[in-house]
Amino acid sequence: MASPVELTVYPDDCDAYGHMNQASFLSFFERARWELLAQGPGMDLFQRHRVWPAVRKATVEFLQQVFPGDRLRFEIEVVHWGETSFTLRQRARKVGGGDVAEAELVFVTLGQNGRPVPIPAGVGDLFGARLARRTGASQQFVVRGLATTAELVGDGPPVLFVHGFPLDRTMWRPVASALTGWRRILPDLRGLGLSEGPDDGYAMAEYADDLAALLDVLRIPNAVVCGLSMGGYVAFELLRRHPNRVRALVLANTRAAPDDADGRTKRDATIARIRRDGLGFLADEMLPRLLGSDTMQTSPDVVRQVRGMMTAQPALGLIGALTAMRDRPDARPMLGAIRVPTLVLHGSDDQLIPLTEARAMADAIPGAHFAAIPAAGHLAPLEQAVNTGRVIREFLEALL
Ligand code: MLT
């Protein structure tokens with residue numbers, strides 16, 4: 001499909017304040033989608049496949065006023081492709097100006113009887129091909145002797161995304177897909193996702209050395225390192241062991257303090273339980289604590305995606321990660337010595353790591369920015385991808 005689409009704002013799109021009315025934005029986003037279909041596969045794409053894409057959820061962020069005569073450029077990308085639903089992100093930019101609005105829309109494909117049906121292959125091929133190009137196929141690299149999977153997306157200054165527990169690289173996709181203009185690297189840590197894991201040898205230092213070695217393989221001298229929770233523990237270790245590989249830091253829903261005695265006992269109990277019972281209990285017990293209550297109630301797609309990711313992880317890699325987290329060093333003494341630009345962001349509804357702890361961590365890092373993400377729990381980049389992506393993009397743009 002051709003992209004981007006440009007549309008002009010007319011006086012009848014505007015309200016008494018003279019600026020474009022918020023409701024008109026939804027119409028413009030819809031017009032831009034139709035225009036894309038018209039330019040590409042045809043407006044009757046869905047009818048041809050006897051399905052109808054119904055919007056189940058629409059989130060819009062308004063970033064800047066627009067006025068009659070302004071010309072808006074619309075970009076669109078696929079951020080999730082499921083069995084019967086898909087999620088599109090649309091961005092509107094003022095031609096010659098900045099971003100004016102971002103929307104995320106979840107669509108369900110309905111059949112003739114009005115019930116959800118699988119997305120027809122013909123539609124999937126079209127959007128799927130686009131998704132593959134946009135997100136980059138995952139690739140395998142041999143890193144320190146282990147077959148390591150990473151997704152490489154786009155060109156520009158590098159950003160390395162480090163996932164949390166018990167997750168994999170795909171948790172960063174919704175945010176990474178919005179950061180056009182950056183070379184995004186999304187690896188699976190050893191033993192998790194599709195990366196090979198050794199029988200033992202799991203420690204924050206090993207994860208950090210793996211990532212430094214991956215940057216070597218990719219011939220990247222340094223990168224912005226963006227870690228969520230356990231990914232943040234790895235980021236601290238990368239900074240400690242390979243300081244010149246870290247250009248800037250994004251610490252998302254993470255903490256600097258190590259496990260206390262009680263925390264270590266709980267890690268051991270979880271390890272023993274995985275060995276005894278398998279992984280089944282993890283998703284049931286962790287999901288309501290990982291995700292904010294808003295997400296649990298209103299975002300079944302995110303709940304399903306996180307559950308799917310949690311249940312797909314190999315037991316060995318999970319046990320390794322639990323061991324590494326249990327034994328991780330205290331990063332608090334290094335906070336005052338951090339000299340790279342740092343953004344601390346945190347879900348305001350995080351039940352695992354209190355917001356106040358993240359704010360105190362930001363206060364201890366010289367010059368660090370702090371952003372609370374409303375209506376998000378421990379997985380802000382998945383729960384509030386648009387808002388989190390915008391906060392990260394603003395931080396990245398200030399580095400240029
Ligand atoms: C994570 O999200 O990576 C974990 O919850 C972190 C932890 O258990 O300390």
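Index from 1, following the sequence. We count ligands from 1, going down the list as the structure has it; atoms in each ligand are counted the same way.
- If you take CZ on Arg31 and CG on Leu26, they are separated by 13.0 Å, rounding to the nearest 0.5 Å.
- Short contacts between ligand 1 and Tyr233, defined as distances under 4.0 Å to a heavy atom of the residue, involve ligand atoms 6 (C), 7 (C), 9 (O).
- Nearest protein neighbour of atom 5 (O) of ligand 1, counting heavy atoms only, is His378 NE2, 3.5 Å.
- Proximity of Arg255 to ligand 1, defined as any heavy-atom pair under 4.0 Å, is not found for any part of the residue.
- Residue Leu352 has at least one heavy-atom neighbour below 4.0 Å for each of these atoms of ligand 1: 5 (O).
- For ligand 1, the atoms closer than 4.0 angstrom to any heavy atom of Met230 are 1 (C), 3 (O).
- Minimum heavy-atom separation, Asp168 to His163: O-CB, 3.3 Å.
- When each atom of ligand 1 is checked for a heavy atom of Gly164 under 4.0 Å away, the hits are 3 (O).
- In this structure a side-chain-to-backbone donor-acceptor pair under 3.5 Å is present from Arg184 to Leu179.
- Shown in contact with Met325 at under 4.0 Å from a heavy atom are these atoms of ligand 1, numbered in order with element: 6 (C), 7 (C), 8 (O), 9 (O).
- Between Leu290 and ligand 1, not a single N/O pair is under 3.5 Å apart.
- Contact analysis leaves His163 out of contact with ligand 1, as no non-hydrogen atom separation drops below 4.0 angstrom.
- Between His19 and Phe67, the two ring planes are tilted [angle within 30° to 60°].
- What you find for Glu104 and Val386 is that their closest heavy atoms are OE1-CG2, 3.3 Å.
- The pair Asp210-Arg144 meets the salt-bridge criterion, since a charged nitrogen lies less than 4.0 angstrom from a carboxylate oxygen.
- Using the six-membered ring where Trp is involved, Phe74 and Phe29 have ring planes that are perpendicular, over 60° apart on the 30 and 60° scheme.
- What sits closest to atom 4 (C) of ligand 1 on the protein, heavy atoms only, is Ser229 OG, 3.3 Å.
- For atom 8 (O) of ligand 1, the closest heavy atom belonging to the protein is Arg267 NH1, 2.8 Å.
- Considering both main-chain and side-chain atoms, Met286 never comes within under 3.5 Å of ligand 1 through any nitrogen or oxygen pair.
- Taking each heavy atom of Leu382 and Pro174 in turn, the nearest pair found is CD2-CG, 3.8 Å.
- With a 4.0 Å cut-off on non-hydrogen atoms, Asp259 does not touch ligand 1 at all.
- Of the possible donor and acceptor atoms, none in the side chain of Asp268 sits under 3.5 Å from a partner among the backbone N and O of Thr265.
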